[in-house]
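A short write-up of the structure that comes next.
Computed over heavy atoms, backbone and side chain alike; hydrogens, waters and symmetry mates excluded.
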Amino acid sequence: MKLERVELHHVAIPLVTPFRTSFGTMTAKDTFLLRVITDEAEGWSEFAADPTPDYCSEFLAGAEIVIREFLLPRIAALPSPTSAALAPAMHKVKGHELAKAAVETAFLDAELRAYGMSLATYLGAVHDRVPAGVSVGIKDSVPALLDDVERYLAEGYVRIKLKIEPGWDVEPVRAVRERFGDALPLQVDANTAYTLADAEQLRKLDEFGLLLIEEPLEENNLHAHALLQQRISTPVCLDESLHTARDTASAIAMDACRVVNVKPARVGGYLEARRIHDVAAAHGVPAWCGGMLETGIGRAPNLALAALPGFTLPGDTSASSRYFAEDITEPFVLADGHLPVPTGPGIGVTPLPEALRRFTRGRRDLYVG
């Protein structure tokens, strides 16, 4: 496979409603897509981070520089830019997992399209559809939260995740439990908003029978999460703290987490995400596939990953309509609480030309062979 061109498409797609977390409020998905063109096929991917380094250290402008100036020159120097060869070629560039994930996914998409193989088959998927959960942002009031949860349950979502932060935790969780019952699969996500000094407050959530509390403390502090897990009965789930399969093995050994959230972009791509899945499964630790408000270009490969056997909890791969009135691909539609796993070659989807044109804010060539 010979690399011919890599394009960056800067896109901005309005969200149907603002999405608020402890990091801030999003009103649009503002990101870029990569298009890799080889002599055999083309591939697409989506950069998962935001224009500003709020959720993580990576951001749009910085990722573009890293991809153009440091990653693509190393890849272009390879005899053949296969997906297996990419990680070693990019390894000397420290960090920048989300940028690496965007590059790897686009090349993997092109390679699998050339073979006529779906990403789901390549990764080892065992399901043709996956149960869909939904993430509900922080609201201005409890009644507004209850209205949203009621609507999502009516649409068929099988699991609810509530975003929480200090001052918005016990009250909204109690209200959801009282309104919708103890049988509802319910979890919370703090996005690192608490400290170990808040352990007593977080322990108040134990009475609600939550599936998990996700990333309650500062990221990368496995020791603090292990101490917190000793003080609460709700299973701690790590997200931002897990960057590699090695991190995951360490966290499990320390009892810093009893559930694993795998976000492929955050760990450098789908190949490392599969390794993390394997580590969790080998230890009998439940895992699920997280999301980052992806368009259809990012949602499709997430569904392929979520179909692996070790992902035993519903993930955040919601229907397209959860976030977008119009997606950049054919929409993913919820059916009986599940979403279909794409079966076409590669990631199984491509941008709709007219939607891509309308949502594109700029296009640049990052590499021309």
Would you say Leu313 and Val176 are hydrophobically clustered, going by side-chain heavy atoms of ILVMFWY under 4.5 Å?
-> no
Not counting sequence neighbours, list each pair that qualifies as a side-chain hydrogen bond (donor to acceptor under 3.5 Å, both in side chains) and has a residue in residues 322-343.
-> Tyr152-Arg322, Ser320-Asp327, Glu326-Arg358
What is the minimum heavy-atom distance between Leu308 and Arg274, and which atoms define it?
-> CD2-CG, 3.9 Å
Tell me, with the steps shown, if Val188 and Val173 meet side-chain contact (heavy atoms from CB on, under 4.5 Å).
-> CA-CA 8 Å; Val188 296; Val173 172; 3.7 Å; yes
Would you say the side-chain atoms of Asp169 and Gln201 include a donor-acceptor pair closer than 3.5 Å?
-> yes
Sub-4.5 Å side-chain heavy-atom contact between Val236 and Leu217 = no
Between Glu214 and Lys161, is there a salt bridge with N-O shorter than 4.0 Å?
-> yes
Write down the atom of Asp109, the atom of Ile347, and the distance for their closest heavy-atom approach.
-> OD1-N, 2.8 Å
Within a strict 4.5 Å, meaning less than it, do heavy atoms of the Val66 and Glu58 side chains meet?
-> no
Residues two or more places apart in sequence or in another chain: which of them pass ring pair (Phe, Tyr, Trp, His ring centres under 6.0 Å) with Phe32?
-> Phe47
Does a sphere of radius 6.0 Å around CG in Asp39 hold more than 12 heavy atoms from other residues, nucleotides or ligands, not counting ones at 6.0 Å or beyond?
-> yes
Sequence neighbours excluded, which residues qualify as salt bridge (Lys or Arg N to Asp or Glu O under 4.0 Å) partners of Glu7?
-> Arg5, Arg35, Arg363
Linking I/L/V/M/F/W/Y whenever any side-chain heavy atoms sit under 4.5 Å apart, do Phe70 and Val36 land together?
-> yes
Among residues two or more places apart or on two chains, list those pairs meeting side-chain hydrogen bond (donor to acceptor under 3.5 Å, both in side chains) that have a residue in residues 62-77.
-> Glu64-Arg68, Glu64-Arg364
How far apart are the closest heavy atoms of Phe332 and Pro342, and which atoms are they?
-> CE2-CG, 3.9 Å
Please determine, by modelled atom types, if Ser83 and Glu111 share a side-chain donor-acceptor pair under 3.5 angstrom.
-> yes
Quick one: side chains of residues 115-137, donor-acceptor pairs under 3.5 Å with protein atoms, not counting sequence neighbours, listed by atom name and distance.
from, atom 1, to, atom 2, distance (Å)
Ser118, OG, Thr121, N, 3.1
Ser118, OG, Thr121, OG1, 2.9

What pairs with Arg361 under salt bridge (Lys or Arg N to Asp or Glu O under 4.0 Å), at least two apart in sequence or on another chain?
-> none
When rounded to the nearest 0.5 angstrom, what distance separates CD in Glu200 from CG in Leu196?
-> 10.0 Å
When you check the side-chain N and O atoms of Asp206 and Ser233, is any donor under 3.5 Å from an acceptor?
-> yes
So which heavy atom on Gly156 is nearest to which on Leu334, and how close?
-> C-CD2, 3.8 Å
Can you run down the ring pair (Phe, Tyr, Trp, His ring centres under 6.0 Å) pairs that involve residues 269-310, sequence neighbours left out, and say none if there aren't any?
-> His277-Phe311
Any side-chain donor-acceptor pair under 3.5 Å between Thr192 and Glu219?
-> no
Using a strict 4.0 Å threshold on nitrogen-to-oxygen distance, state whether Lys263 and Asp316 make a salt bridge.
-> no
Let me check something: any side-chain donor-acceptor pairs from residues 88-101 under 3.5 Å, sequence neighbours excluded? List them with distances.
from, atom 1, to, atom 2, distance (Å)
Lys100, NZ, Met90, O, 3.3
Lys100, NZ, Val93, O, 2.5
Lys100, NZ, Gly95, O, 3.2

Close side-chain approach of Leu145 and Trp168, heavy atoms under 4.5 Å = yes
Shortest non-hydrogen pair, Ala110 vs Thr38, comes out as CB-CG2, 4.3 Å
Rounded to the nearest 0.5 Å, how far does CD1 of Ile160 lie from CZ of Arg177?
-> 10.5 Å
Verify the neighbour count for atom CD of Glu171: are there more than 12 heavy atoms of other residues, nucleotides or ligands below 6.0 Å?
-> no
The reported gap from CG in Leu8 to CG in Leu366 (rounded to nearest 0.5 angstrom) is 5.0 Å
Quick note, salt bridge (Lys or Arg N to Asp or Glu O under 4.0 Å) partners involving residues 277-303, not counting sequence neighbours, are none
Leu146 versus Val149: any side-chain heavy-atom pair under 4.5 Å?
-> no
Taking the side chain as C-beta and beyond, is there a heavy-atom pair between Ile232 and Leu205 under 4.5 Å?
-> no
Check: Tyr194 main-chain N/O paired with Asp198 side-chain donor or acceptor under 3.5 Å | no
Transitively linked via ILVMFWY side-chain contacts under 4.5 Å: Val259 with Leu184?
-> no
Tell me, with the steps shown, if Asn191 and Glu240 meet side chain to side chain donor-acceptor pair (under 3.5 Å).
-> CA-CA 8 Å; Asn191 289 118; Glu240 290 90 357; 3.3 Å; yes
d(Leu162 CG, Leu186 CG) to nearest 0.5 Å is 5.0 Å
First locate atom SG of Cys237, then atom CG of Leu210, and finally report the distance between them rounded to the nearest 0.5 Å.
-> 12.5 Å
Does a side-chain heavy-atom distance below 4.5 Å link Leu211 with Thr234?
-> no
What pairs of residues pass the side-chain hydrogen bond (donor to acceptor under 3.5 Å, both in side chains) test when at least one of them lies in residues 24-33, not counting sequence neighbours?
-> His10-Asp30
Are Glu150 and Arg179 within salt-bridge range, i.e. N to O under 4.0 Å?
-> yes
Does Val11 reach the side chain of Leu356, with side-chain heavy atoms less than 4.5 Å apart?
-> yes
Answer with yes or no whether the hydrophobic clustering places Leu34 together with Val267; edges join I, L, V, M, F, W, Y residues whose side-chain heavy atoms lie under 4.5 Å apart.
-> no
Hey, could you give me each pair passing ring pair (Phe, Tyr, Trp, His ring centres under 6.0 Å) that has a residue in residues 196-235? Not counting sequence neighbours.
-> none
Could you verify whether a donor N or O on one side chain and an acceptor N or O on the other, from Thr52 and Asp54, lie under 3.5 Å apart?
-> yes
Can you name the salt bridge (Lys or Arg N to Asp or Glu O under 4.0 Å) partners of Arg20, sequence neighbours left out?
-> Glu165
Glu215 (side chain) donor-acceptor with Asp239 (main chain) under 3.5 angstrom | yes
Is there a side-chain contact (heavy atoms from CB on, under 4.5 Å) between Tyr55 and Met292 once you walk through the steps?
-> CA-CA 10 Å; Tyr55 172 74; Met292 298 179 72; 3.4 Å; yes
Evaluation steps, side-chain contact (heavy atoms from CB on, under 4.5 Å), between Asp255 and Gln229 = CA-CA 7 Å; Asp255 197 25; Gln229 186 66 91; 4.0 Å; yes
Would you mind reporting whether Leu15 and Leu293 have side-chain heavy atoms less than 4.5 Å apart?
-> yes
Connected via hydrophobic side-chain network under 4.5 Å: Leu228 and Ile164 = yes
Where do Leu222 and Leu238 land on the side-chain contact (heavy atoms from CB on, under 4.5 Å) test, with the steps shown first?
-> CA-CA 9 Å; Leu222 300 185; Leu238 289 185; 3.6 Å; yes
